[in-house]
Amino acid sequence: MKLAVFNWKGRAQIGRVSDDGKTVECLDMPVDSIASTGVVSLIGKPLPKVLEKVALSEVELLAPVPRPSRNIFCVGKNYHEHAKEFSASGFDSSAAKGTVPEAPIVFSKLPETVVTNGAPIRLDKSVSTAIDYEAELAVIIGKPGRNISKDDALSHVWGYTIVNDVTARDLQGHHSQWLIGKSQDSFCPMGPWAVTADEVDLSDIPVKCWINGELRQDSNTGLLIFDVPTIIAAISNGITLQAGDVIATGTPAGVGIGFKPPKYLQPGDSVRIEIGGIGTLENPVEAY
Ligand code: MG
């Protein structure tokens, strides 16, 4: 089931998106917090009744989790070809510099970085001149847990969405820790909606990204170095995962720093990410 969060009739609502992605059925959930919690409001509850069907073009989409309750967990260097291109770029300040990591590299982005499908990615040239895109499958946790085993990990997943882990490469390299370079305003486009876990086959999901129509990233989640159960087991090792936590699983090769010279984002660009079975996340790039 695809579930979208959107503004309609003056309030934030949740709705079930039709298979063709053209209409949405508004669900009877008169909850004020939807504008911040989004689909997390639904977790653990029976699906509310349908109120009305609306054309998706009529509503203003919000991110499926518009304001996560805490930082978004992210995995770095999680596809072999991307690990190589990043290590060769000169910006890799991670402890696993120059190598494929032996354990997941986990960092985070501030919750306020989240923007919706269609919202601009803002480039502040006074802060960074090396802003890059990263297409990623993101996990939305449904069942809390600590020390979750790999075997049990997928039972803690509520659903999936798409995230663009936008990154200021110069800041990522300069500060050694990645938080600042990853957490600039507008640096986490998310959407266009969430898909429940029962509809997703993690072993074979195409992940593609185009910049202005040019295909830059073209891979598959089957090529992840650390798969989703391994990531969940690693992050929950002593940290209690909570319902509504979002985990970005890493980006494949083809980011801007992988090119010589690098192809960083510029005002006027358009970033389009397509993840099989989930949808398309497209965001323009604007000067701040
Ligand atoms: Mg990333």
Side-chain angles (χ1 to χ4, degrees), residues 63 65 68 71-89 91-97 100-101 103-111 113-115 121 128 130-140 160-173 175-191 202 205-211 216-221 223-228 230-232 234-235 245-259 262-265 271-275 278 281 283 285:
V65 188
N71 284 20
I72 298 148
F73 294 100
C74 303
V75 182
K77 295 171 64 170
N78 202 19
Y79 288 84
H80 288 280
E81 292 303 314
H82 172 66
K84 278 188 219 160
E85 73 178 350
F86 185 52
S87 294
S89 73
F91 288 119
D92 187 359
S93 53
S94 70
K97 194 173 182 173
V100 170
I105 296 175
V106 180
F107 59 94
S108 76
K109 295 171 90 82
L110 297 179
T113 55
V114 174
V115 295
I121 296 164
S128 170
I131 295 174
D132 209 345
Y133 50 89
E134 294 190 353
E136 306 196 12
L137 175 74
V139 176
I140 301 171
Y160 299 90
T161 187
I162 304 171
V163 149
N164 185 351
D165 176 19
V166 182
T167 305
R169 296 293 178 202
D170 38 9
L171 299 177
Q172 182 183 28
H175 291 285
S176 299
Q177 297 285 324
W178 298 356
L179 184 100
I180 294 175
K182 296 281 190 179
S183 292
Q184 300 280 300
D185 294 352
S186 79
F187 271 23
C188 190
M190 182 195 290
L202 288 169
I205 306 175
V207 177
K208 298 184 181 189
C209 177
W210 292 260
I211 306 296
R216 298 271 184 90
Q217 295 185 280
D218 185 4
S219 190
N220 190 292
T221 55
L223 297 171
L224 282 167
I225 297 171
F226 302 107
D227 63 9
V228 171
T230 305
I231 293 168
I232 289 173
I235 295 176
D245 278 344
V246 178
I247 304 171
T249 56
T251 202
V255 297
I257 44 147
F259 294 89
K263 296 182 177 181
Y264 296 126
L265 293 175
V271 187
R272 180 167 181 265
I273 298 172
E274 201 174 282
I275 297 195
I278 297 186
L281 174 68
N283 295 81
V285 180

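Just so you know, ligand 1 is whichever comes first in the structure, and atom 1 is the first atom listed for that ligand. The analysis underlying the following values was restricted to heavy atoms, covering all of them including side chains, and did not include hydrogens, waters or symmetry mates.
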Subject >> Protein-derived N, O or S atoms lying under 2.8 Å from the Mg ion (ligand 1), waters excluded >> reply: 3
**OP:** Ignoring hydrogens and angles, state whether a donor on the side chain of S128 or Q184 is under 3.5 Å from an acceptor on the partner side chain.
**Re:** no
Original post:
For the ring pair (Phe, Tyr, Trp, His ring centres under 6.0 Å) test, which of F91, W178, Y79 pairs with F86?
Top reply: W178
Original post:
Do the non-hydrogen side-chain atoms of T249 and V228 ever get within less than 4.5 Å of each other?
Top reply: yes
Original post:
If you measure from the Lys or Arg side-chain nitrogens to the Asp or Glu carboxylate oxygens, is any gap between K77 and E85 under 4.0 Å?
Top reply: no
Subject >> With sequence neighbours excluded, residues passing side-chain hydrogen bond (donor to acceptor under 3.5 Å, both in side chains) with R216 >> reply: Y133, E214
**OP:** Decide whether S183 and K109 meet the rule of one side-chain donor and one side-chain acceptor closer than 3.5 Å.
**Re:** no
